Amino acid sequence: MNPILETKNLHKQFGGLTAVDNFSLQIKEGEILGLIGPNGAGKTTFFNLITGFLKPDSGIVLLKGKNITKLKPHKIANLGMVRTFQIIKPFKQMLAVENVAVACLSDRAKRKRNGDDILSKTLKSLRQVEIIPPAENMFKLASELSHGYTKRLDIARALALEPEIILLDEPFGGLGLKETPIMNSLIKRLNEQGLTIIIIEHKMRELMKLAHRIAVMHFGEKIAEGTPKEISKNQRVCQAYLGKEGDELFV
Amino acid sequence: MVNMKNLKENISKRGLIFVIPILLLLFPILTTDYYILTILITANIYAVFASSWDLLGGVTGQFSLGQALFFGVAAYMSGALNLYLGLAPWMTIPLGGAFGVIVGFLVALPSLRLKGAYFAITSLIFPGILATLILMYPDITGGDSGLYGLSSISSEILITYYASLLLMIGSIFVLLRIANSNMGLIFRSIRDDEDAAEATGINTTKYKFYSFAISGFFAGIAGGFQAHLLMFVGPYIFNAFYSFQAILFAALGGIGTIIGSVGGAYLMSILNEVLRDIAEFRVIVTAIVMLLVFRFLPRGLLREITRRLGLPLGFWSGLKKLRRSKDESDS
Ligand SMILES: Nc1ncnc2c1ncn2[C@@H]1O[C@H](COP(=O)(O)OP(=O)(O)O)[C@@H](O)[C@H]1O
Ligand SMILES: [Mg+2]
């Protein structure tokens, strides 16, 4: 089967620093792929490259066989690949419900809405990530929501576009004991509904439970790829995570 | 915090907003004094000018420091069309607005690459460039002495007053509708986080152009009206002071509220006149009023008043459907 997303020799240089180094990856439809690697490995830069926020120096990105390398971010989102941000980016001065309504005004959401009005589409996405009920949550300003809720608001906004593939940049970052399992089951549920998901994490614990396949990034390069089990036994991966981070890897 | 209940109440209290235009319509019953009406006419023009900035700066987050550009170009265009082609004010003012749209598109270009403070500083330069151009072609523009002898709006001050009121109420109504529409929601998302809006599938470039064009139009008709009111337009109109006034009035009323600009413009226009006799203290007293407002009502007069009275401020009009469906399920 053809991959839903494929990158070929993706390369990005920041001055003298190689952030992403000839990175080739294939993502199959319906899978959860974990992208791991120490801080600064180039994971977020990889997301920026495939979503049009940065232009690669060389290499191509194919979404369902279509070359999207030079497209603007909003074009790529409207093609069905939607991202969230490591540092959450809510529309702070807008209500939670307004945050999601914006996404419902995108071309793709309009096309997919067929008949449904914007508001009911918005409420559906908010329900999907369990921000509502209770209904009063949607009338809070995004800046008044707790960190965990804001993370899910980001995902609700992405879901409103009815994506085929969603890119989550450290969805567990900063989440407490109560929020982590909620996020975990949300991601699992979305995948069961057919959504293809790439998750960036630099800690492995949550990812081991979720991902079907894991790719490991180190200094911009892909150093390993395989099932969670294979990865945890991989020599190079253990070396990359040497020292303090080595403990994080297997907790 | 907003909740379902006070959102419902807010929507039903929206009618109260009509009290202000009715009072202004009836105002000439109290007095038709030329001097007083002129103050209010000026306030109306500034209300439109400031609210045009508010759509761009306050709602869309494109913090332009050069709003006088739209105002000035349109004033000159209206003046020139009137002087050279003999067009009447009711034609030259909307045509001035159309030139505001064109200038808006041109200014939007640098905003696509320059963000935040960089754009603000760049926008500060444009009016100066225009003023220089005006001085370079005195045969057409009148150079330093400007264009004078333009047709007045009307020889009757009362008619001029009502024309300015119509301009103000009409403009505010349209701008408010835009700010609360789907497009306005997108404008606000661009203000809050442009990258997130792009990631959400919004063509931010396109919507920034819209915002600049709309803002340019309303600043333009305000400029055209001013030219005919004074029967004169000179290069001083590009002074940065004008641009700052637009922001000041909007900020006094409440940035991003559109209608707050009306309060800001009226407050400062009236204050200016009251202080005319003590001209030397005018700047100081004005500064003190500004400081007091920003110190005690940092989010602007309007936000504070509406909060106290529980009146509505703008929100996305799509939420009205919520009330309707709730009412149905309640009953
Ligand atoms: N816009 C940028 N300009 C310059 N350097 C950058 C930029 N973005 C990321 N980097 C650098 O590229 C490297 C990879 O960063 P990043 O992709 O954020 O890593 P990760 O997400 O894996 O922690 C880091 O060394 C970072 O400092
Ligand atoms: Mg990162």
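As the structure is a computational prediction, the values presented were derived from the model and not from experiment. Residue numbering restarts at 1 for every chain, and letters A, B, ... go by the order of the sequence lines.
Counting heavy-atom neighbours within 6.0 Å of A:Phe14 CZ, excluding the residue itself, gives a total above 12. The number of heavy atoms from other shown groups lying within 6.0 Å of NZ (A:Lys178) does not exceed 12. The environment of A:Ile87 atom CD1 is sparse: at most 12 non-hydrogen atoms of other residues, nucleotides or ligands sit within 6.0 angstrom. At most 12 non-hydrogen atoms from other residues, nucleotides or ligands lie less than 6.0 angstrom from CZ of B:Phe173. Atom NZ of A:Lys70 has 12 or fewer neighbouring heavy atoms from other residues, nucleotides or ligands inside a 6.0 Å radius. The environment of CZ in A:Arg189 is crowded: more than 12 heavy-atom neighbours from other residues, nucleotides or ligands sit within 6.0 Å.
Using a 4.5 Å cut-off between heavy atoms, A:Leu161 touches chain B through its side chain atoms alone. With a threshold of 4.5 angstrom between heavy atoms, A:Asp117 approaches chain B through side-chain atoms but not through N, CA, C or O. Of the atoms belonging to A:Leu123, it is side-chain heavy atoms, and not backbone ones, that fall under 4.5 Å from chain B. Proximity to chain B is absent for every atom of A:Ala158, based on heavy atoms less than 4.5 angstrom apart.
Of all the heavy atoms in A:Met94 and B:Leu185, the pair that sits closest is CE-CD1, 3.7 Å. Closest approach of B:Arg188 and A:Glu98 over heavy atoms only: NH2-OE1, 2.7 Å. Shortest non-hydrogen contact noted between B:Ala199 and A:Ala77 is O-CB, 3.4 Å. Nearest approach of B:Ala196 to A:Phe85, heavy atoms of both residues: CA-CE1, 4.0 Å.
Atom OG1 in B:Thr200 sits 8.5 Å away from atom CG in A:Asn99 (nearest 0.5 Å). Atom NZ of residue A:Lys75 and atom CG of residue B:Asn203 lie 6.5 Å apart, to the nearest 0.5 angstrom. One distance of note links CD of B:Glu198 with NZ of A:Lys72; it measures 7.0 Å at 0.5 Å rounding.
Checked against side-chain hydrogen bond (donor to acceptor under 3.5 Å, both in side chains), B:Asn182 has the following partners two or more places apart in sequence or in another chain: B:Trp316.
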Side chains of residues 210-217 of chain B: which donor-acceptor pairs under 3.5 Å do they make with residues two or more places apart or in other chains?
| from | atom 1 | to | atom 2 | distance (Å) |
| --- | --- | --- | --- | --- |
| B:Ser211 | OG | B:Thr60 | OG1 | 2.7 |
| B:Ser215 | OG | B:Ser52 | O | 2.7 |
| B:Ser215 | OG | B:Gln67 | NE2 | 2.9 |

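Ranking A:Val82, A:Val102, A:Ile88 against chain B, the residue ahead of the rest is A:Val102, based on heavy-atom pairs under 4.5 Å.
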